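Remarks on the structure that follows.
Just so it is clear: chains get the letters A, B, ... in the order the sequence lines come, proteins before strands, and each one is counted from 1. The model shown is predicted, which means the values in this text are computed figures rather than measured ones.
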There are 2 protein chains.
Amino acid sequence: MGSVVSERAQRPSADATRQRILEAALDAFADQSFDGASLRNIASVAGVTQPLLNYHFRSKADLWRAVVDELFDRLNVTLGHHLRSLVDVEDRIVVHHMVRRFVEFSAHNPQLHRIITSECRADSSRMDYLVEQHIRPLYDAVTTLFARLAVAGDLPDIPPAHLYYLLTGAAPTMFVLGPECRRLSGLDPTDDDVIRTHADAVCTLLFGATHPQTGEYLPPSPPLTGRAHD
Amino acid sequence: MGSVVSERAQRPSADATRQRILEAALDAFADQSFDGASLRNIASVAGVTQPLLNYHFRSKADLWRAVVDELFDRLNVTLGHHLRSLVDVEDRIVVHHMVRRFVEFSAHNPQLHRIITSECRADSSRMDYLVEQHIRPLYDAVTTLFARLAVAGDLPDIPPAHLYYLLTGAAPTMFVLGPECRRLSGLDPTDDDVIRTHADAVCTLLFGATHPQTGEYLPPSPPLTGRAHD
DNA sequence: GCTGTACCTAATCAGTTGATAAGGGATCTG
DNA sequence: CAGATCCCTTATCAACTGATTAGGTACAGC
C-alpha cells in the first residue's frame with residue numbers, strides 16, 4: 001500500500017487539517033468564550049500541536065475571525081439558498097419561511113448565538129467586527145425587506161423593538177441555553193416541532209396573531225388595559 | 001472633627017469594601033466572562049489589591065458565587081416586592097405585571113443575562129450552580145403559577161416552548177446585546193416605552209393577541225397555512 | 001501598656017497562556 | 001541530484017493568572 005493514492009490518504013492534506021482546526025476552534029470559542037478557550041486545547045482536539053495554529057492562522061484573534069467568517073458564510077448560504085427556492089410565494093409567507101430557516105439554523109448551530117453573546121461588551125474589538133462585518137448587513141437587509149413589505153401594505157407596521165428581536169432577541173437565547181433548555185423543560189431545541197413553534201412564536205411577536213375564522217391580523221397588544229396602576 | 005463619628009468616615013469599613021469588590025466583580029464577570037476577568041483588574045477597579053479578594057472571598061470561584069447570589073437576591077426581592085403590591089388584581093394582569101417587572105429588572109441589570117449566557121456550556125460547574133440554585137426555582141415557580149391559572153381557566157394553554165421563553169428566551173437577549181441594540185436600531189433598552197413594548201411582546205407571545213373590539217384572546221398562531229411546501 | 005484580632009499590602013509562588021525560533025521531513029521544481 | 005517550499009513539531013520565551021506567605025497597622029478587650 002505505497003502507491004500514489006495511498007500517499008494522499010496518509011497525509012490528511014493541509015486543507016483538511018485547517019478545517020479540523022476551524023471546527024475545534026468553533027466549538028471551543030462557543031463553549032468557553034474567547035479567553036476561556038486555549039490554543040493548546042483547540043490543537044489537541046484537532047489532533048495537532050499548538051504552534052500549528054499560529055502557522056495557519058497568524059494569531060488567536062485571526063483564528064477567531066476565520067471561525068466567525070466561516071460560520072456566517074454558512075448562515076448566509078443557507079438563507080440565500082432557501083430564499084431563492086421561494087418563487088411565486090406571497091411576501092408574508094416568505095418572511096415566515098425565512099424566520100423558520102433562521103431558527104432552524106440557530107438550532108443546529110448553537111455556536112452562532114453563543115459566540116455573539118459571549119463577545120458582547122462595550123469595548124470589544126471582536127464585537128465591533130461581528131456587528132460591522134456580519135450582523136449589520138443582516139439587520140439592514142431585514143429592515144429593508146420589512147420596509148418594502150410595509151409600503152406594499154402586505155405587513156402591518158412593525159415596532160422597531162419587535163424587529164430587533166428577530167435577529168437578536170427571540171430566536172437566539174433558547175439555543176444559547178440549549179443544554180439548560182433540555183435540563184429545565186425537557187425540550188429539544190433541534191426537534192422539528194419545537195423549531196416550528198419557535199418560528200411561529202417569533203412571527204406572532206412580529207405580526208400579531210391571526211384570527212382563526214376571519215384570517216384578520218391582530219397586532220401584538222398588551223393584555224393590560226390602559227389604566228395601569230402602581 | 002476627630003470624634004467617634006469621623007473614625008467611621010475615615011475607614012471605609014470592611015462591609016463597604018466588600019460591597020465595592022462585589023460590584024466591580026459583577027461588572028467584570030458580566031463584561032469579560034469568568035475566564036476573561038482577572039482578580040487584579042477587579043481589585044484595581046475596587047481600589048484594593050488582589051490578595052484582598054482572596055482574603056474576603058476564599059477563591060475566584062467563591063467570589064463568583066457571591067456575586068451571583070447577590071444578583072439573584074436582588075431579582076427575587078424586586079419580584080417579590082411587586083408581587084405583594086398586587087392585591088385584588090386579576091391573575092392574568094398579575095402575570096403581565098410580573099413579566100413587566102422582570103423585563104424592567106433585566107433592562108437595568110444587564111449583567112444578569114450576560115452572566116447566564118456567558119456561563120452556558122455543558123460541563124460547567126458554574127452553570128450547574130446557576131441552574132440548580134437560582135434558575136430552576138424561578139422556572140418551577142412560573143410553571144406552577146401558569147398551571148394553576150390554566151386550571152382556573154384564566155389563561156389559555158401555553159406551549160412549553162413559549163413558557164420556556166419567558167425566563168430564558170424573549171426577555172434576555174436584547175439586554176445581553178444592550179450596547180449593540182443601541183448601535184443597530186437606536187433603541188435604548190432602559191427606555192420605559194421600550195420596556196413596555198418588550199413586556200407586551202412577551203405576553204403576546206405567551207397569550208396571543210387580544211382582539212381590539214371583542215377582547216377575545218387569540219392564541220399565537222402561524223401566518224403559514226397548513227400546506228407548507230419545501 | 002500589652003495582647004489579640006480584623007483588615008489590608010508587598011513579595012512571591014507555580015502553572016498556564018499566546019507567540020516565536022529553530023529544525024525536521026516530505027514534496028515539488030529545476 | 002540540489003535547492004526551495006510547504007507542513008508540522010520540539011523547545012523556549014515573556015507575560016499573566018490565581019493563590020499563598022509573611023508582615024504591617026489600626027482598633028478592642030483586658
**Message:** Are more than 12 heavy atoms, taken from residues, nucleotides or ligands other than B:Arg58, located less than 6.0 Å from that residue's CZ atom?
**Reply:** no
**Prompt:** In terms of ring plane angle, is the pair B:Tyr129 and B:His134 parallel, tilted or perpendicular, where the classes change at 30° and 60°?
**Reply:** perpendicular
**Request:** Give a yes/no on whether any side-chain N or O of B:Tyr55 is located under 4.0 angstrom from OP1 or OP2 of C:dC8.
**Result:** no
**Under 3.5 Å: donor-acceptor pair, side chain of A:Lys60, backbone of A:Phe34** = yes
**Request:** Check whether any side-chain nitrogen or oxygen of A:Asn54 sits under 4.0 Å from OP1 or OP2 of C:dG18, and answer yes or no.
**Result:** no
**Request:** For C:dC8, take OP1 and OP2 only and decide whether either is under 4.0 Å from a side-chain N or O of B:His56.
**Result:** yes
**Request:** Identify, between A:Arg40 and B:Gly36, the residue whose nearest nucleotide on DNA chain D lies closer to the 5' end.
**Result:** A:Arg40
**Request:** Have a look at A:Leu39 and say if it touches a base, only the backbone sugar-phosphate, or nothing, with a 4.0 Å heavy-atom cut-off.
**Result:** sugar-phosphate
**Prompt:** Which part of the nucleic acid does A:Ala37 contact within heavy-atom distance under 4.0 Å: base, sugar-phosphate only, or nothing?
**Reply:** sugar-phosphate
**Request:** For A:Ala61, answer base if it contacts any base atom (sugar-phosphate contacts may also be present), sugar-phosphate if it contacts only those atoms, and nothing otherwise; contact means non-hydrogen atoms under 4.0 Å.
**Result:** nothing
**Prompt:** Hey, does the Lys NZ or Arg CZ of A:Arg74 hover above the aromatic six-ring of A:Phe105, less than 6.0 Å from the centre and inside 45° of the axis?
**Reply:** no
**Complete:** Regarding the side chain of A:Pro51, the nearest nucleotide among C:dT17, D:dA19, C:dA21 is C:dA21
**Request:** Ignoring backbone atoms, test whether A:Ser38 places a side-chain nitrogen or oxygen under 4.0 Å from the OP1 or OP2 oxygen of C:dT17.
**Result:** yes
**Request:** Respond yes when some side-chain nitrogen or oxygen of B:Thr17 is under 4.0 Å from OP1 or OP2 of C:dC8, and no when none is.
**Result:** yes
